[in-house]
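Take a look at the structure below.
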Amino acid sequence: MALLDDLNPQQRIAAETIDGPVLIFAGAGSGKTRTLTYRIAYMVQEHGIAPENILAVTFTNKAAGELKERIEALIGEKAYRLWAGTFHSMCARILRTDGAAIGIEPNFVIYDEADQRSLIKEALSINDIDSKQYSPVEIHYAISNAKNELVGVDQFRRTRKGPFDEIAHRVYRVYQQRLRDNNALDFDDLLMRTVELFEKRPEVLAKYQQRFLYVLVDEYQDINHAQYRFVQLLAQKHRNICVVGDDDQSIYGWRGANVGIILSFEQDWPGAKVIRLEQNYRSTQKILECAYEVIRHNKGRADKKLWTQNHPGDNIICYEAVNEEEEAEWVARLIREHVAAGAARYGDFAILYRTNAMSRAFEDALMNAHIPYEVVGGVRFYERSEIKDIIAYLRTIHNPGDSVSLRRIVNTPTRGIGERTLAVAERIAHRKSIPLYDAIALAADDESLRRASRQALAAFHDLIEALRRESEHRPLMEFVRSVVERSGLLEKLRQSASAEDAGRAENLEEFVTSARRFQEQSDDPSLGAFLEHIALISDIDEAQDLENSVSLMTLHSAKGLEFPIVIMVGLEEGIFPHERSMGDEFELEEERRLCYVGITRAQRLLYLTYAHRRTIYGETRRMQPSRFLSDLPAELVDWRTELSTMPQRLLAVTEDSFGQRVIGGRRIDLTELLSRVKSRKRAGKAEAENATPQVAASGRRADRRASGRRTEDLEQAASLPRFAVGERVVHDKFGEGVVVTTQGEGPDAELTVAFRGAGVKRLLARYAKLEKASG
DNA sequence: GGTTATGGATTTTTT
DNA sequence: ATCCATAACC
């Protein structure tokens with residue numbers, strides 16, 4: 001069985017145990033995806049199981065895509081016959097095919113959170129409920145929770161008591177009714193209704209059970225009750241269920257994820273095999289030790305401990321800053337010093353924080369230090385308002401019954417259909433029990449409205465009708481472009497002078513591009529399929545220059561990623577653990593897991609910082625160091641109070657089992673430089689792919705080479721070449737350029753360089769690593 | 001119908 | 001501090 005020879009003994013057992021219930025505890029950096037892909041490849045290649053009989057469920061589209069790609073690399077094209085997708089996409093598919101059996105029309109639209117929110121508000125006002133007393137957010141939360149627990153409207157009334165739930169119940173009822181009226185399902189419905197379908201229609205369930213002989217679930221620790229039921233129903237017939245997860249990395253409890261589910265897998269599935277992947281290929285021994293010391297305080301976790309053959313590594317470095325600005329400056333300096341010493345590249349660093357608001361100080365400091373960075377996460381593409389507008393047009397055209405979308409665009413851009421005018425149409429819709437869209441056509445003839453209003457209504461209705469006709473015969477991309485133009489959205493943004501609106505206009509263009517991409521790549525390039533894609537994907541891959549930029553993100557976003565050097569910031573009581581979590585034992589444990597997740601992202605070096613004073617909501621507060629810091633074993637931690645940022649034995653660490661990283665102390669010509677950058681990229685990919693035992697073992701050789709090279713680097717930093725105005729130079733990232741101005745000498749010299757392609761940049765000689773261009 | 005003032009809240013976000 | 005939603009304005 002040569003296929004599995006690349007796996008370690010536990011991974012191998014996990015891959016080979018394909019029949020019956022299996023629980024795989026996959027610790028951080030233990031080669032989980034690798035094991036899963038090999039497992040599936042093995043099932044197909046060695047046991048002749050048809051890929052179409054295997055269902056692999058993930059939480060993200062990215063994870064599903066990655067899984068397919070990597071299996072394809074092992075078994076070729078037939079990997080694409082595998083059923084791999086997110087819970088939501090699988091459920092949407094099932095409901096479109098078989099939902100009619102429980103009264104779901106196949107062309108339903110999927111409402112995202114913003115759509116849900118506006119429906120809730122509508123339901124509140126229908127019930128005459130003061131949205132100040134009962135916030136839509138909280139009501140929505142209650143309803144969403146109920147759905148995750150598979151609690152329908154009637155059961156909600158029976159089981160939840162109290163004044164708030166009384167209100168929530170009334171809203172829930174109207175909300176569900178409105179969804180039906182709009183032929184819409186929200187995210188939570190996708191799961192709840194699929195379970196309902198399975199339970200009410202045994203023949204439908206049997207069909208899917210027959211199709212999915214083998215069921216795999218990734219990130220099982222993040223599963224909620226509805227998802228649990230879904231999996232349970234599908235797998236109960238054949239009992240070939242394999243779940244993978246790590247209870248220590250459960251950080252989405254606040255969204256309904258239930259860690260208890262993974263912990264009771266053995267009771268759910270008597271006779272289940274439990275396999276632990278505990279060998280870590282990512283981090284140094286000291287980093288793992290620290291991670292363990294933090295996580296072991298949690299009660300009720302499955303017993304396990306990661307170990308590694310990697311280098312012991314350097315001590316963790318902790319820094320106490322005076323305030324958040326100083327904290328950020330220290331971090332910026334730390335990054336510059338590592339890069340200047342040739343010990344790291346910008347892309348090796350991640351700054352992880354608890355809340356998005358904390359990114360600001362670090363962005364400022366990095367900007368001042370001319371350090372390239374990317375903020376990961378934040379507002380997603382399909383959630384930007386201008387994109388939501390254009391999507392609302394598409395949805396209205398596709399499904400005129402979708403009143404949430406219709407309301408959004410009826411006066412966007414403004415076309416003279418104000419509140420009063422719309423109210424007339426709504427009254428007609430209500431009186432005649434017809435969709436709002438049809439009522440608009442009638443209101444256009446309503447004598448009680450001014451002529452201008454009536455004309456506006458008629459023009460809007462005509463516009464949508466015209467666009468619908470276009471949608472029927474034009475290719476998707478051309479049609480989308482037409483909507484962008486004829487709706488007036490693009491025109492309005494173009495007329496604005498603000499740079500912000502120019503960016504929004506660009507986003508609209510980008511949206512058209514994404515439609516083209518979909519048209520080219522999908523086997524069903526229809527409007528309906530495109531809308532489904534958007535609803536379930538929620539983001540497009542923006543080409544970010546992560547290779548050469550420091551990554552900034554929340555700890556939550558960092559889950560599943562790894563970085564050579566991780567800097568966790570804001571380790572203060574009230575921030576991390578967050579004050580909202582501090583009163584509750586259960587939530588505190590989740591914060592602790594979040595801390596564990598952060599620590600285990602680090603491959604070579606880990607920095608932890610906190611500020612003595614921090615300004616939050618415009619108020620400066622005194623902070624205490626986080627309790628998580630005191631969990632760290634003292635002998636593994638070096639405290640820094642002032643300027644020095646580098647670890648004592650920097651090189652031993654930077655060059656340990658993670659390969660060559662130093663660019664070198666000698667001059668290199670452009671072609672060599674380019675080939676190095678390329679090979680490093682490849683190396684980086686291979687590393688991220690997965691560390692096999694072999695890699696870890698061979699890595700230690702690089703270790704010894706390291707100490708010899710270190711002195712060279714420092715000497716180089718001290719004796720930088722001099723540059724004259726007009727001289728041609730080469731930069732690691734920006735490529736070839738010409739020196740425009742110089743100021744000062746030596747490492748402090750400041751140069752302005754015009755790069756071909758990358759534009760004019762101001763650089764500090766010390767950090768820029770400029771080379772004279774040869775020839 | 002669009003623009004500015006005011007009050008209130010402000011963790012994390014795979015779909 | 002800052003963002004957001006609603007209310008009171010022009």
Side-chain angles (χ1 to χ4, degrees), chain A residues 57-66 85-92 110-118 121 130-132 135-138 141 144 147-148 185-191 218-219 221-224 226-227 249-257 324 352-358 360-361 376-380 382-383 385 411-422 450 452-453 456 492 532-539 553-561 570 574-582 587 590-591 593-595 597-598 614-620:
Chain A
V57 206
T58 61
F59 275 84
T60 67
N61 293 292
K62 199 173 142 221
E66 220 175 271
T86 63
F87 280 102
H88 293 85
S89 67
M90 296 308 306
C91 288
I110 298 167
Y111 276 0
D112 69 13
E113 213 160 287
D115 302 323
Q116 294 171 43
R117 205 56 61 73
S118 48
K121 279 186 196 152
D130 181 10
S131 66
K132 281 202 183 101
S135 86
V137 177
E138 273 175 61
Y141 181 77
S144 177
K147 289 183 172 187
N148 286 163
L185 298 183
D186 67 17
F187 278 144
D188 303 317
D189 282 338
L190 291 176
L191 281 151
D218 193 16
E219 305 279 15
Q221 77 282 352
D222 288 335
I223 218 154
N224 67 33
Q227 291 160 335
Q249 292 186 68
S250 162
I251 54 174
Y252 286 106
W254 50 276
R255 283 177 44 147
E324 74 264 33
L352 307 182
Y353 36 77
R354 179 63 239 268
T355 66
N356 284 305
M358 295 167 72
R360 160 80 45 101
V376 179
V379 186
R380 284 190 292 271
Y382 290 127
E383 274 164 27
S385 70
N411 202 30
T412 312
T414 51
R415 47 171 69 90
I417 304 177
E419 225 171 291
R420 294 181 57 93
T421 311
L422 191 62
R450 298 197 324 220
S453 305
K492 188 189 167 203
E532 170 118 342
H533 170 80
I534 289 169
L536 295 175
I537 258 66
S538 89
D539 212 353
M553 68 187 87
T554 62
L555 285 150
H556 283 88
S557 306
K559 190 179 153 205
L561 305 177
I575 297 282
F576 191 28
H578 196 275
E579 57 193 344
R580 295 228 176 176
S581 307
M582 294 203 319
E587 290 181 46
E590 185 152 306
E591 294 283 307
R593 292 194 289 269
L594 191 57
C595 186
V597 166
R614 184 175 295 274
T615 307
I616 304 164
Y617 309 142
E619 205 182 348
T620 304

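Every chain is numbered from 1, with letters handed out A, B, ... down the list of sequences. Because the structure is a prediction, the values reported are computed rather than measured.
- For the ring-ring contact (aromatic ring centres under 6.0 Å, His included) test, residues two or more places apart in sequence or in another chain that qualify with A/Phe576 are A/Phe628.
- Across all strands shown, A/Ile223 has no heavy atoms under 4.0 Å from either base or sugar-phosphate atoms.
- Checked by atom type and distance alone, the side chain of A/Gln227 never pairs as donor or acceptor with a backbone atom of A/Phe87 at under 3.5 Å.
- At the heavy-atom level, A/Asn61 lies under 4.0 Å from the strands shown only through sugar-phosphate atoms.
- Residues A/Ile251 and A/Asp222 share a closest heavy-atom pair of N-OD1, 4.0 Å.
- Comparing A/Phe187 and A/Pro413 against DNA chain B, the residue whose closest nucleotide sits nearer the 5' end is A/Pro413.
- A/Glu324 and A/Arg360 are not joined by a salt bridge, as no carboxylate oxygen comes within less than 4.0 angstrom of a charged side-chain nitrogen.
- Partner A/Lys147 forms a side chain to side chain donor-acceptor pair (under 3.5 Å) with one of A/Asn224, A/Asp188, A/Asp186 and no other, that one being A/Asp186.
- Panel note: side chain A/Glu591, backbone A/His578; a donor-acceptor pair is recorded below 3.5 Å.
- Across B/dT13 and C/dC4, the matching P atoms stand 15 Å from one another, rounded to whole Å.
- Chain A approaches DNA chain C within less than 4.0 angstrom (heavy atoms of the protein), and the contacting nucleotides run 5' to 3' from C/dA1 to C/dT2.
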Just do the side chain to side chain contact (heavy atoms under 4.5 Å, CB included) check on A/Tyr111 and A/Leu185 with the steps written out, would you?
-> CA-CA 6 Å; A/Tyr111 276 0; A/Leu185 298 183; over 6 Å; no

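- Using bins of under 30°, 30° to 60° and over 60° for the plane-to-plane angle, the ring pair A/His88/A/Phe187 lands in the perpendicular bin.
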Nucleotide by nucleotide, nucleotides 7-13 of chain B touches protein heavy atoms under 4.0 Å in the pattern (B base, S sugar-phosphate only, - none) ---BBBB

